[in-house]
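Notes follow the structure.
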Amino acid sequence: MGYKWIKTKTTGVRYREHPTRKNGAVKKDRYFTIRYKVNNVLKEEGLGWASEGWTEEKAALKRSELREAYRTGVGSTTLKEQRERSAKEKELSAQKEAENQKLNILLNDFYNNYFKNIAYNNTSERTFKSEAGFYKNWLEPNLGNMPIKDISLMNLENLKALMIKQNKSPRTINYVFGILSQILSYAKK
């Protein structure tokens with residue numbers, strides 16, 4: 001379908017009108033494009049519809065932004081480059097957010113969502129129940145709501161002091177800390 005392009009008063013900006021789609025009650029919707037040269041090659045890139053917020057002024061501003069980037073060598077010189085850069089930035093941001101979530105995972109969340117299944121599959125039922133009990137009685141209430149990365153030597157010393165105060169045997173204390181060591185080692189992997 002051959003659309004008629006209409007030049008605007010602004011150099012390098014033109015639009016076409018949609019034959020049936022309206023922008024408002026009366027005006028036909030307009031699709032704006034910009035034209036400019038990069039390395040002596042004429043580029044024409046579509047921006048979008050007036051119903052999406054594009055105007056002649058916004059199109060002119062986008063065109064001058066791209067021309068300025070070409071002139072100075074700073075920034076994207078085409079809309080395609082801008083879209084690609086934006087997509088890469090979004091991807092990096094998503095990766096960074098995923099890494100932050102991994103770093104800020106709580107001990108309880110890690111234990112319940114990851115470690116518990118591994119322990120269940122790799123130990124006897126009796127051992128699993130015993131270790132789960134130690135976790136529930138000592139690690140969950142004292143360290144469970146802390147991000148793993150924030151568990152410090154001071155937290156461990158406080159837990160040990162609490163266990164000693166409640167007359168737990170050295171063997172029980174070692175067992176609890178052995179379970180914690182296994183969890184932290186697996187979390188590190």
Side-chain angles (χ1 to χ4, degrees), residues 1-121 140 143-152 155 183-189:
M1 181 187 246
Y3 291 106
K4 180 181 175 189
W5 288 101
I6 302 165
K7 288 184 180 179
T8 64
K9 296 174 189 171
T10 309
T11 304
V13 177
R14 65 184 189 162
Y15 65 89
R16 65 178 167 83
E17 291 182 334
H18 195 279
T20 57
R21 195 158 96 183
K22 301 283 185 197
N23 181 23
V26 180
K27 277 180 142 179
K28 290 184 176 180
D29 205 1
R30 294 177 174 179
Y31 184 79
F32 288 93
T33 65
I34 54 175
R35 298 173 76 157
Y36 57 98
K37 284 189 177 183
V38 175
N39 295 327
N40 287 328
V41 176
L42 183 64
K43 296 270 185 191
E44 180 166 11
E45 296 188 276
L47 296 174
W49 294 95
S51 60
E52 298 170 336
W54 285 100
T55 63
E56 181 179 339
E57 294 78 23
K58 281 179 76 175
L61 188 63
K62 179 57 77 175
R63 180 179 182 267
S64 78
E65 177 187 311
L66 294 171
R67 292 184 74 216
E68 182 68 14
Y70 175 69
R71 188 183 69 74
T72 62
V74 177
S76 303
T77 58
T78 66
L79 290 175
K80 181 180 178 184
E81 284 178 18
Q82 282 184 340
R83 285 188 295 270
E84 288 171 352
R85 182 177 290 180
S86 177
K88 283 181 184 177
E89 287 171 357
K90 284 180 185 176
E91 184 180 328
L92 287 174
S93 177
Q95 287 175 351
K96 197 171 190 175
E97 180 62 29
E99 286 296 317
N100 280 340
Q101 286 180 348
K102 281 183 186 177
L103 289 175
N104 290 316
I105 191 167
L106 301 179
L107 182 65
N108 279 343
D109 292 341
F110 183 80
Y111 177 80
N112 290 319
N113 295 331
Y114 302 102
F115 188 80
K116 192 189 255 186
N117 293 332
I118 289 167
Y120 182 78
N121 291 328
E140 182 176 2
L143 302 174
N145 291 323
M146 294 182 69
I148 291 175
K149 69 177 180 67
D150 293 343
I151 296 174
S152 67
N155 300 121
I183 295 168
L184 295 178
S185 293
Y186 188 75
K188 186 175 180 182
K189 289 178 189 175

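What you are looking at is a predicted structure, and each value in this text was computed from that prediction instead of being measured. We're numbering straight along the sequence, starting at 1.
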List the atom of [X], the atom of [Y], and the distance in Å for their closest heavy-atom pair.
| X | Y | result |
| --- | --- | --- |
| Ala69 | Ser76 | CB-O, 3.1 Å |
| Thr8 | Val13 | OG1-O, 2.8 Å |
| Trp54 | Phe32 | O-CE1, 3.5 Å |

Would you compute the distance between atom [atom1] of [X] and atom [atom2] of [Y] and round it to the nearest 0.5 angstrom?
| X | Y | atom1 | atom2 | value |
| --- | --- | --- | --- | --- |
| Thr11 | Ile34 | OG1 | CD1 | 13.0 Å |
| Leu106 | Leu143 | CG | CG | 11.5 Å |
| Ile151 | Lys149 | CD1 | NZ | 11.0 Å |
| Ile183 | Tyr111 | CD1 | OH | 6.5 Å |
| Gln82 | Glu89 | CD | CD | 10.5 Å |
| Asn100 | Ile105 | CG | CD1 | 13.0 Å |

Do [X] and [Y] touch side chain to side chain, with heavy atoms closer than 4.5 Å?
| X | Y | answer |
| --- | --- | --- |
| His18 | Tyr31 | no |
| Met146 | Leu107 | no |
| Lys58 | Leu61 | no |
| Lys7 | Trp5 | no |

Fill in: Test side chain to side chain contact (heavy atoms under 4.5 Å, CB included) applied to Leu66 and Glu81, step by step
CA-CA 10 Å; Leu66 294 171; Glu81 284 178 18; over 6 Å; no
Worksheet entry | Stepwise salt bridge (charged side-chain N to carboxylate O under 4.0 Å, His left out) check, Glu65 with Lys62 | CA-CA 5 Å; Glu65 177 187 311; Lys62 179 57 77 175; 3.4 Å; yes
Worksheet item: Should we count CZ of Arg16 as having more than 12 external heavy atoms under 6.0 Å?
Response: yes
Worksheet item: In terms of heavy-atom contacts, does NZ of Lys22 have more than 12 from other residues, nucleotides or ligands at under 6.0 Å?
Response: yes
Discussion item. Strictly below 4.0 Å, N to O, side chains only: are Glu99 and Lys96 in salt-bridge contact?
Written reply: no
Item to complete: Quick one: list whatever passes salt bridge (charged side-chain N to carboxylate O under 4.0 Å, His left out) with Glu68, sequence neighbours left out.
Response: Arg71
Worksheet item: In this structure, which one of Lys4, Arg30, Lys27 forms a salt bridge (charged side-chain N to carboxylate O under 4.0 Å, His left out) with Glu17?
Response: Arg30
Using a 3.5 Å cut-off and no angle test, enumerate the donor-acceptor pairs between side-chain atoms of residues 35-52 and protein atoms at least two apart in sequence or in another chain.
residue : atom : partner : partner atom : Å
Tyr36   : OH   : Glu45   : OE1          : 2.2
Asn39   : OD1  : Tyr70   : OH           : 3.2
Glu44   : OE1  : Arg14   : NH2          : 3.0
Glu44   : OE2  : Arg14   : NE           : 2.9
Glu44   : OE2  : Arg14   : NH2          : 2.9
Glu44   : OE2  : Thr33   : OG1          : 3.0
Glu45   : OE1  : Leu79   : N            : 2.9
Glu45   : OE2  : Leu79   : N            : 3.3
Glu45   : OE2  : Lys80   : N            : 3.3
Ser51   : OG   : Asp29   : OD2          : 2.7
Glu52   : OE1  : Trp49   : N            : 3.0

